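Here's the structure, in C-alpha cells; my notes come after.
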Amino acid sequence: MTSVVVLGAGALGSVYGAWFAEAGAEVTLVARPAHADAVNRDGLRIDDQPPVAVEAVSDPAEAGDCDILLLASKAFDNAELLSGYRGSAQAAFSVQNGVRQAEPLVARFGPAAVGCVSLVGGTLGEPGHASHSFDGPTLLGDLSTTTPGTATAIAQALPGRKLEVHDDIAPALWSKGVLAAAAMGVVGLTRLVYHRIFLMPETRDVFYDLACDGAAIAAAEGVELIDGHGPFQIRALTKESRADAHERLRAVGEGMEAAGETEVRVSILQSIDRGRPFEVQAVFGDLVDAADGHGLEVPTLRAVTRLLTAAMPGESGSP
C-alpha cells in the first residue's frame with residue numbers, strides 16, 4: 001500500500017488526498033484543526049460523493065514517513081509545515097502557484113522532489129467537505145536534481161486521473177506562473193469573479209500587459225511558454241497584437257458565461273473573502289525578482305505587485 005502525506009490539506013489538498021485514498025493509498029492529511037476533526041469524525045467528503053476514510057492531523061510532526069508527499073498549502077505556510085514535518089518521503093510534489101514552487105521541496109527532500117503544474121480546481125466549504133470545481137490535468141516532471149522516474153511513480157499512484165509526465169516541466173511551470181500572475185493580479189485588484197475580467201476592455205488590457213511582462217521574463221530565463229490546456233493559450237496570447245488578444249480574451253469570458261461558469265472565484269479572491277493573506281511573493285514577487293536579475297522593467301507587473309502588497313490584510317508598504 002502506498003502511503004501519502006498531504007501537507008496543508010485545504011481545498012486542493014483534500015481533493016488530491018481523496019483521489020489517492022480512492023486509489024488504495026493510506027493517506028494522512030495535515031490540515032487546520034476544524035477540518036482535521038471533521039474528517040476524522042465523518043470522513044472526507046468531495047462534492048456529493050460518499051465520505052472517504054483518511055487520517056487527519058493538525059500537527060505536521062504527527063505525520064510519519066511516506067512514499068509520496070504532497071505540499072498543498074499556501075506558499076507563506078511552507079516554512080512552518082516543512083520544518084514541522086519530521087518524516088521522509090520517497091517522492092514529493094507541490095500543487096502551489098508560482099514559478100519557483102518546487103524549490104522548497106528540493107531544499108527539504110532533495111532528489112525526491114519533482115516539478116508539478118496542477119490545473120485542478122477546488123474550494124473548501126464547511127470543515128470536512130471540499131468541492132472539485134475544475135477538472136483539469138496535473139502535469140509532472142523530474143527536475144535536474146530528481147532521481148529519474150520519480151514523476152512517473154507519482155503518476156502511477158493515481159490511475160484513472162488526468163496526469164501527464166513531461167520530460168521538461170519548466171515550460172509548463174512558467175506558462176502557468178505567467179497565467180496565474182495575470183489572472184490573480186486583475187482579480188485581486190478588482191475583486192471580480194473570474195469570467196468578468198474578460199468581458200471588460202479595461203481588465204483585458206491589464207491582463208494582457210501582465211501576461212506580456214511575464215512572457216518577457218520567461219524569455220530572459222530561456223524558457224519558451226507553451227499553449228497547453230484550456231482556452232487561454234498563453235504562448236499565442238503573448239505573441240499576438242493587443243487587438244487580437246482582446247478578441248481572444250473576450251471570447252474566453254463569453255464562453256465561460258455561456259457554459260454557466262459565472263461563479264468561479266480564483267484562489268486570491270477566496271483569500272480576500274476569508275481575510276487571509278495573498279500569495280504575493282510566490283505569484284508576483286518571484287517574477288519581479290527574476291526580472292531584476294535580467295534588468296527588465298516589467299512596469300505593469302511591478303505596479304500590481306506593489307498594490308497587492310499594500311492591500312494585504314495587516315500589511316502596508318511596497319516590495
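No experiment lies behind these values; they were computed from the predicted model shown. These values consider heavy atoms only, across backbone and side chains, with no hydrogens, waters or symmetry-generated copies.
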Exercise for the section: Nearest 0.5 Å please: distance from the CZ atom of R274 over to the CG atom of L269. Expected result: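 Here the interatomic distance stands at 10.0 Å.
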Taking all non-hydrogen atoms of both residues into account, name the closest pair between [X] and [Y] and its distance.
{"X": "S175", "Y": "I234", "value": "CB-CG2, 3.8 Å"}
{"X": "P171", "Y": "I226", "value": "CB-CG2, 3.7 Å"}
{"X": "A23", "Y": "A157", "value": "CB-O, 3.6 Å"}

When you compare the side chain of [Y] with that of [X], does any pair of heavy atoms fall below 4.5 Å?
{"X": "F278", "Y": "S267", "answer": "no"}
{"X": "E224", "Y": "R235", "answer": "yes"}
{"X": "T138", "Y": "V117", "answer": "no"}
{"X": "V193", "Y": "R196", "answer": "yes"}
{"X": "T123", "Y": "Q270", "answer": "yes"}
{"X": "V54", "Y": "F20", "answer": "no"}
{"X": "R306", "Y": "V288", "answer": "no"}
{"X": "H166", "Y": "E164", "answer": "yes"}

Under 3.5 Å, is there a donor-acceptor pair between the side chain of [X] and the main chain of [Y]?
{"X": "T150", "Y": "T146", "answer": "no"}
{"X": "D65", "Y": "G87", "answer": "no"}
{"X": "D213", "Y": "L301", "answer": "yes"}
{"X": "H129", "Y": "D47", "answer": "yes"}

Closer than 4.0 angstrom, basic N to acidic O: yes or no for [X] and [Y]?
{"X": "E126", "Y": "R45", "answer": "yes"}
{"X": "D209", "Y": "R204", "answer": "no"}
{"X": "E22", "Y": "R161", "answer": "yes"}
{"X": "D77", "Y": "R276", "answer": "yes"}

Problem - hydrophobic_cluster_shared for V114 and L119, side chain cutoff 4.5 Å - result: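 L119 does not cluster with V114.
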Around atom [atom1] of [X], are there more than 12 heavy atoms of other residues, nucleotides or ligands at under 6.0 Å?
{"X": "R250", "atom1": "CZ", "value": "yes"}
{"X": "E80", "atom1": "CD", "value": "no"}
{"X": "D167", "atom1": "CG", "value": "no"}

Does a side chain donor of either [X] or [Y] reach within less than 3.5 Å of an acceptor in the other side chain?
{"X": "S118", "Y": "Y16", "result": "yes"}
{"X": "D289", "Y": "Q281", "result": "yes"}
{"X": "N78", "Y": "Q96", "result": "yes"}
{"X": "E26", "Y": "T2", "result": "no"}
{"X": "H294", "Y": "E221", "result": "yes"}
{"X": "H246", "Y": "D205", "result": "yes"}

Practice task
Decide yes or no on salt bridge (Lys or Arg N to Asp or Glu O under 4.0 Å) for D273 and R191, but give the supporting numbers first.
Solution key: CA-CA 9 Å; D273 291 343; R191 274 54 170 177; over 6 Å; no
Exercise for the section: Just say parallel, tilted or perpendicular for the rings of F109 and Y85, cut-offs at 30° and 60°. Expected result: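 It falls in the tilted class, 30° to 60°.
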Practice task
Would you sort out whether H35 and S58 count as a side-chain hydrogen bond (donor to acceptor under 3.5 Å, both in side chains), showing the intermediate values?
Solution key: CA-CA 9 Å; H35 189 47; S58 56; over 6 Å; no
Exercise for the section: Would you sort out whether N40 and E55 count as a side-chain hydrogen bond (donor to acceptor under 3.5 Å, both in side chains), showing the intermediate values? Expected result: CA-CA 6 Å; N40 287 328; E55 181 183 1; over 6 Å; no
